[in-house]
Colleague: 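Shown below is the structure under consideration.
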Amino acid sequence: MRWFIEKPASLRITRRGLLKVFGVTVAALAVGAYKVTDLFVHRNRYIKMRQSGQYKDDERVRKTYSLAASQQNPMIKRFYDEFAGQPFGEVSESLLHTKYFRRTG
Amino acid sequence: MKGVVLRHPLSSRIMHFVNMVCWYILFLTGAAVYFRLVSGAEAAMLMNVHILAGLVLTVTVVSYLLIAPDRVFLFLQEVLNWDRDTLAWWKNFGGYPYRFLKGTKLYKYLERFWFAKPGAPPQSKYNAGQKLLGITVVFSLAVLGLTGWMLFFFRQALGKDGVWLFFNAHVWIAILVTLFVTFVHVPLVVINWPDFVSMFRIGSGTVPVEWAIEHNPKWFERDVVEVVESRKD
């Protein structure tokens with residue numbers, strides 16, 4: 001019975017093969033790392049967009065009513081005077097504050 | 001020529017076996033939970049099994065990378081090497097359609113109208129289809145491992161878009177690759193019985209020389225040497 005085995009790796013790794021394997025590996029890692037870091041950087045996109053929208057609304061109201069500060073907003077004042085009582089009160093807490101918890105499954 | 005060629009060394013066979021077992025455990029547990037085939041308590045239990053199988057597979061893959069980096073490199077070099085014969089293989093899918101339709105009425109139509117004739121161009125250690133499978137499995141192992149552990153450890157840090165992307169990539173890549181492996185790789189490798197036996201039998205991972213010359217002539221000619229035993233005089 002004749003036995004055959006593969007030649008050792010040192011005789012089979014070619015210059016072209018080395019460049020090909022390392023090239024593909026580095027490209028895959030680079031694209032993957034870019035995508036993952038991109039996700040991390042933009043993970044709070046929705047929250048930031050909402051914050052930015054609220055600041056814009058506040059600025060528009062202050063400009064329209066010539067107000068010096070946000071808490072002088074007549075709509076906010078009326079909301080607390082006639083309905084919610086005070087900031088951080090029971091009603092405003094239950095309506096305006098949110099809690100972050102898992103909503104899926 | 002009588003003799004045998006070592007096709008799959010022990011390290012590769014252990015890696016392949018653990019990969020196969022863990023993959024199907026991961027697929028079955030994941031599919032049962034994703035498609036809501038079980039109750040909430042059962043789903044929680046299956047997810048624990050899923051995580052455990054994922055851990056075993058991850059440890060095995062990392063160990064294989066550390067213990068046999070030469071095998072990993074040669075495997076990658078082989079599956080990424082697409083020469084003229086590799087491309088020619090795709091013209092008639094290695095002659096498999098001719099093989100399957102032999103003896104039927106469709107055979108003469110295939111022979112007359114298909115642009116590639118019967119027979120397969122000479123292949124190296126893996127044929128063109130196996131090379132595509134190899135690239136697919138390496139890519140999917142990396143992506144499934146990354147997305148799975150990121151979802152497990154860093155779910156909050158990923159954000160809404162990240163969780164959506166990683167979860168769907170994890171689920172659908174796993175489903176597509178499992179279907180490909182189950183309905184293409186497994187039947188074809190069972191047809192090539194000596195290759196199947198060399199991977200799974202208890203003993204050496206060898207194939208007959210005649211089989212190697214017929215299926216992988218470029219491999220046998222270029223990458224294989226005969227072992228000459230020293231005589232005890």
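This is a predicted model, so every value here is computed, not measured. All chains are named by letter (A, B, ...) in the order of the sequence lines, taking the proteins before the strands, and each is independently numbered beginning at 1.
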Colleague: Would you say the side chain of B/Glu226 lies within less than 4.5 Å of the side chain of A/Trp3, judging by non-hydrogen atoms?
Modeller: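 Of all side-chain heavy-atom pairs linking B/Glu226 with A/Trp3, none is under 4.5 Å.
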Colleague: Specify the closest pair of heavy atoms between A/Val36 and B/Met150, including all atoms of both residues, with the distance to one decimal.
Modeller: CG1-CE, 3.8 Å
Colleague: Who wins among B/Ala157, B/Ala43, B/Pro9 for the most heavy-atom pairs under 4.5 Å with chain A?
Modeller: B/Ala157
Colleague: Counting only heavy atoms not in B/Phe180, do more than 12 sit closer than 6.0 Å to its CZ atom?
Modeller: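 Buried by this count: over 12 neighbours within 6.0 Å.
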Colleague: Does NZ belonging to B/Lys160 count more than 12 external heavy atoms closer than 6.0 Å?
Modeller: no
Colleague: Around atom CZ of A/Phe88, are there more than 12 heavy atoms of other residues, nucleotides or ligands at under 6.0 Å?
Modeller: no
Colleague: Can you tell me if A/Met49 has over 12 outside heavy atoms packed within less than 6.0 Å of its CE?
Modeller: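 No, CE of A/Met49 has 12 or fewer neighbouring heavy atoms, counting only those of other groups under 6.0 Å.
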Colleague: Salt bridge check: are B/Arg7 and A/Glu6 linked by an N-O gap of less than 4.0 Å?
Modeller: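 A salt bridge is absent here (no side-chain N lies under 4.0 Å from a carboxylate O).
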Colleague: Looking at B/Tyr24, I'd like to know if its OH atom is crowded, meaning that more than 12 non-hydrogen atoms belonging to other residues, nucleotides or ligands lie closer than 6.0 Å.
Modeller: yes
Colleague: Check whether A/Leu18 gets within reach of chain B through its side chain, its backbone, both or neither, counting any heavy atom under 4.5 Å.
Modeller: both
Colleague: Given heavy-atom pairs under 4.5 angstrom as the criterion, report whether the side chain, backbone, both or neither of A/Thr14 touches chain B.
Modeller: both
Colleague: Count the heavy atoms of every other residue, nucleotide or ligand shown that sit under 6.0 Å from CZ of A/Phe40, and state whether that count exceeds 12.
Modeller: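 For A/Phe40, atom CZ is crowded (more than 12 foreign heavy atoms under 6.0 Å).
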Colleague: Which of residues 199-224 of chain B have a heavy atom under 4.5 Å from any heavy atom of chain A?
Modeller: B/Ser204, B/Thr206, B/Val209, B/Trp219, B/Phe220, B/Arg222, B/Asp223, B/Val224
Colleague: Between A/Phe22 and B/Phe73, what is the ring plane arrangement, given parallel below 30°, perpendicular above 60°, and tilted in between?
Modeller: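 Because their plane-to-plane angle lies in the 30° to 60° range, the rings of A/Phe22 and B/Phe73 count as tilted.
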Colleague: Would you call A/Arg45 and B/Asp161 a salt bridge, taking side-chain N to carboxylate O under 4.0 Å as the test?
Modeller: yes
Colleague: Verify the neighbour count for atom CH2 of B/Trp164: are there more than 12 heavy atoms of other residues, nucleotides or ligands below 6.0 Å?
Modeller: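 At most 12 heavy atoms, drawn from other residues, nucleotides or ligands, come within 6.0 Å of this atom.
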Colleague: Could you give me the CA-CA distance, side-chain angles and deciding distance for A/Lys20 and B/Asn81, then say whether side chain to side chain contact (heavy atoms under 4.5 Å, CB included) is met?
Modeller: CA-CA 8 Å; A/Lys20 203 181 281 178; B/Asn81 184 25; 3.7 Å; yes
Colleague: How close do B/Leu74 and A/Arg12 get, heavy atom to heavy atom, and via which atoms?
Modeller: CD1-NH1, 3.5 Å
Colleague: Side chain, backbone, both or neither: which part of B/Phe166 has an atom under 4.5 Å from a heavy atom of chain A?
Modeller: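 Just the side chain, heavy atoms under 4.5 Å.
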Colleague: Can you confirm whether A/Glu90 is buried at CD, in the sense that more than 12 heavy atoms of other residues, nucleotides or ligands lie under 6.0 Å from that atom?
Modeller: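 No, CD of A/Glu90 has 12 or fewer neighbouring heavy atoms, counting only those of other groups under 6.0 Å.
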Colleague: Taking all heavy atoms of B/Leu165 and all of A/Leu39, pick out the closest pair and write down the distance.
Modeller: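 Scanning both residues, the minimum pair turns out to be CD2-CD1, 4.2 Å.
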Colleague: Please look at A/Val21 and chain B and tell me whether the side chain, the backbone, both or neither of the residue comes under 4.5 angstrom of a heavy atom of that chain.
Modeller: both
